[in-house]
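The shown structure was predicted, so the numbers you read here are calculated from the model rather than taken from an experiment.
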Amino acid sequence: VQLQASGGGLVQAGGSLNLSCAASGRAFGINTMGWYRQAPGKQRELVAAITRTGTTKYVESVQGRFTISGDNAKNTVLLQMNSLKLEDTAVYFCAADSRPAMWRYGWKSVDYWGQGTLVTVSS
């Protein structure tokens, strides 16, 4: 499975950005897709994820601001990020896993990773 991420960039605080990720290869075996992020000096953390059945999970700090959606037919996932804050600055990684609800397992056990994309929120 290969994950191709797009989006990210520089935005002012309060602004919006979208991150997209597309899975290819043996994507039929994927049950969860989502985004993790890693800020300098911090551990990688789950931002948002969605299962094939539509169950979503968000880290508390982005609830109400970020929305994740998926297209099972296209094996894609979209993360809409609104009201961005300085603390959202990080490298964002698309992730996919064969297990449902991959957030129940540590990030180190995630099956597939896309390349990181930098999101920088400026004041």
Side-chain angles (χ1 to χ4, degrees):
V1 173
Q2 294 79 43
L3 301 178
Q4 182 66 47
S6 61
L10 175 64
V11 65
Q12 285 192 322
S16 299
L17 279 176
N18 291 337
L19 300 179
S20 298
C21 182
S24 60
R26 300 176 68 85
F28 58 85
I30 293 173
N31 281 293
T32 313
M33 289 185 71
W35 293 90
Y36 287 74
R37 67 185 178 189
Q38 188 164 15
K42 294 188 176 181
Q43 192 164 9
R44 193 170 297 192
E45 65 171 355
L46 175 75
V47 178
I50 186 168
T51 68
R52 280 196 176 273
T53 58
T55 300
T56 57
K57 176 72 172 179
Y58 296 91
V59 67
E60 186 174 352
S61 62
V62 308
Q63 285 184 339
R65 300 188 296 120
F66 291 12
T67 302
I68 190 167
S69 57
D71 185 328
N72 290 336
K74 297 181 179 179
N75 292 309
T76 58
V77 64
L78 174 68
L79 183 66
Q80 297 173 287
M81 305 184 293
N82 298 317
S83 302
L84 283 160
K85 302 177 179 180
L86 296 179
E87 52 264 40
D88 294 318
T89 295
V91 177
Y92 285 68
F93 297 90
C94 178
D97 202 280
S98 59
R99 298 165 293 186
M102 67 177 176
W103 52 84
R104 296 177 181 171
Y105 315 96
W107 67 268
K108 293 182 180 181
S109 70
V110 169
D111 289 337
Y112 308 106
W113 293 99
Q115 81 279 13
T117 184
L118 179 62
V119 172
T120 303
V121 183
S122 64
S123 58

Show your working on side-chain contact (heavy atoms from CB on, under 4.5 Å) between T55 and W103 and close with a plain yes or no. CA-CA 11 Å; T55 300; W103 52 84; 4.2 Å; yes
Tell me, please, which residues at least two apart from W107 pass ring-ring contact (aromatic ring centres under 6.0 Å, His included).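 In terms of ring-ring contact (aromatic ring centres under 6.0 Å, His included), with neighbours along the sequence ignored, W107 is linked to no residue.
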My understanding is that only residues two or more places apart in sequence, or in another chain, count here; which of them pass ring-ring contact (aromatic ring centres under 6.0 Å, His included) with F93?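 Testing F93 for ring-ring contact (aromatic ring centres under 6.0 Å, His included), a comparison that skips the adjacent residues, returns none.
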Neighbour count above 12 (heavy atom, 6.0 Å) for [X] [atom1]:
X	atom1	result
Q115	CD	yes
Q43	CD	no
R52	CZ	yes

Go through it in stages, so that I can follow the logic: the residues are M81 and V121, the test is side-chain contact (heavy atoms from CB on, under 4.5 Å), and I'd like the CA-CA distance, side-chain angles, deciding distance and then a yes or no. CA-CA 11 Å; M81 305 184 293; V121 183; over 6 Å; no
So which atom in [X] and which in [Y] form the shortest heavy-atom distance, rounded to 0.1 Å?
X	Y	value
L19	G7	CD2-C, 3.6 Å
T117	G8	OG1-CA, 4.0 Å
Q38	A90	O-CB, 3.5 Å
G70	I50	N-CD1, 3.8 Å
M33	I68	O-CD1, 4.1 Å
L78	S20	CD1-OG, 3.5 Å

Any link between Y105 and V1 through a network of hydrophobic side chains (Ile, Leu, Val, Met, Phe, Trp, Tyr) touching at under 4.5 Å? no
Are Y92 and V110 connected, step by step, through hydrophobic side chains (Ile, Leu, Val, Met, Phe, Trp, Tyr) whose heavy atoms are closer than 4.5 Å?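 Result: no, two separate clusters.
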Out of curiosity, [X] [atom1] to [Y] [atom2], how far, rounded to the nearest 0.5 Å?
X	Y	atom1	atom2	value
Q12	L86	CD	CG	10.5 Å
T51	N31	OG1	CG	8.0 Å
T76	Q4	OG1	CD	13.0 Å
L84	F66	CG	CZ	5.0 Å
Q80	T67	CD	OG1	5.5 Å
M102	I30	CE	CD1	9.5 Å

Could you check whether any side-chain N or O of N75 sits under 3.5 Å from a backbone N or O of A23, counting only pairs where one atom can act as donor and the other as acceptor? no
Ignoring hydrogens and angles, tell me if any N or O in the side chain of N82 forms a donor-acceptor pair with the backbone of S16 under 3.5 Å.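 Not a single qualifying donor-acceptor pair exists.
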Are any non-hydrogen side-chain atoms of T32 and R104 less than 4.5 angstrom apart? no
Is the shortest heavy-atom distance from the side chain of K85 to the side chain of R65 under 4.5 Å?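 Of all side-chain heavy-atom pairs linking R65 with K85, at least one is under 4.5 Å.
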Tell me which one of V91, L46, V59, V47 satisfies side chain to side chain contact (heavy atoms under 4.5 Å, CB included) with Y36.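 Exactly one candidate clears the test, L46.
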Apply the test side-chain contact (heavy atoms from CB on, under 4.5 Å) to residues C94 and W35: give CA-CA distance (whole Å), side-chain angles for both, the deciding distance (0.1 Å), then the verdict. CA-CA 5 Å; C94 178; W35 293 90; 3.8 Å; yes
